[in-house]
Amino acid sequence: MIEKRDILPIPYLKKAVFTGSYEGLRFRFAMLKREAPLEEGEEKGKEMQVLEVTAWEGPYGFDATPQEKKQSMETEFSEKGIQEGVDWLNRLWESEPKRWKAARTNW
């Protein structure tokens, strides 16, 4: 299983993207900037940071994998968000372990 300690912390994710894999399940943690919802009286929303977690079948990297073969989720950009991303990845892997294990040998 993927554990939170396997993922680099928030200070790293502020500056770079983190990628990894677990038995055929490839994943990516990246900070994205989104416009925050407008509050009453505002003309332009403030910018906020979110954590995007993306998963796809190996063996190829993020850029070499077609977008339609990727699954993503967004959560808050925090240590709690990292844990939510890890939990989501583990649920994906547990739901189809044969699929992910087969992806290890799809060269």
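Residue numbers run from 1 in the order of the sequence given.
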Should Ile7 and Val86 count as side-chain neighbours, where that means a heavy-atom distance under 4.5 Å? yes
At their closest point, which heavy atom of Lys4 faces which heavy atom of Ile82, and how far apart are they? CG-CG2, 4.0 Å
Where the side chain of Asn90 meets the backbone of Met1, is there a donor-acceptor pair that is under 3.5 Å apart? no
Applying a strict under-4.5 Å side-chain criterion to I, L, V, M, F, W and Y, I'd like to know whether Leu8 and Leu25 cluster together. yes
What are the two closest heavy atoms between Trp88 and Val53, and how far apart are they? CZ3-O, 3.6 Å
Please round to the nearest 0.5 Å and tell me the distance separating atom CG of Leu51 and atom CD of Glu79. 10.0 Å
In this structure, would Phe18 and Trp93 fall into the same cluster of hydrophobic residues linked by side-chain contacts under 4.5 Å? yes
Evaluate the side-chain proximity of Phe27 to Leu92: yes if any heavy-atom separation is below 4.5 Å, no if none is. no
Between Lys70 (side chain only) and Phe62 (backbone N and O only), is there a donor and an acceptor less than 3.5 Å apart? yes
Side chain to side chain donor-acceptor pair (under 3.5 Å) involving Gln71 - partner list, sequence neighbours excluded: none
Interatomic distance, CG@Leu89 vs CD@Glu3, rounded to 0.5 Å, equals 13.0 Å
Please determine if Arg34 and Glu74 form a salt bridge, counting it only when a charged side-chain N lies under 4.0 Å from a carboxylate O. yes
Pairing residues for Glu52 by the salt bridge (charged side-chain N to carboxylate O under 4.0 Å, His left out) criterion, not counting sequence neighbours: Arg28
Pairs where residues 7-22 contributes a residue and the test side chain to side chain donor-acceptor pair (under 3.5 Å) is met, not counting sequence neighbours: none
Could you list all the salt bridge (charged side-chain N to carboxylate O under 4.0 Å, His left out) pairs where at least one residue sits in residues 91-100, not counting sequence neighbours? Glu57-Arg99, Glu96-Arg99
With sequence neighbours left out, what residues match Ser72 under side chain to side chain donor-acceptor pair (under 3.5 Å)? Thr54
I'd like to check the side chain to side chain donor-acceptor pair (under 3.5 Å) partners of Glu68; sequence neighbours left out, ordered by chain and number. none
Looking at Trp100 and Arg104, would you say the former's side chain and the latter's main chain have a donor-acceptor pair under 3.5 Å? no
Look up atom CD in Gln49 and atom CD in Glu76, then write down how far apart they are to the nearest 0.5 Å. 12.0 Å
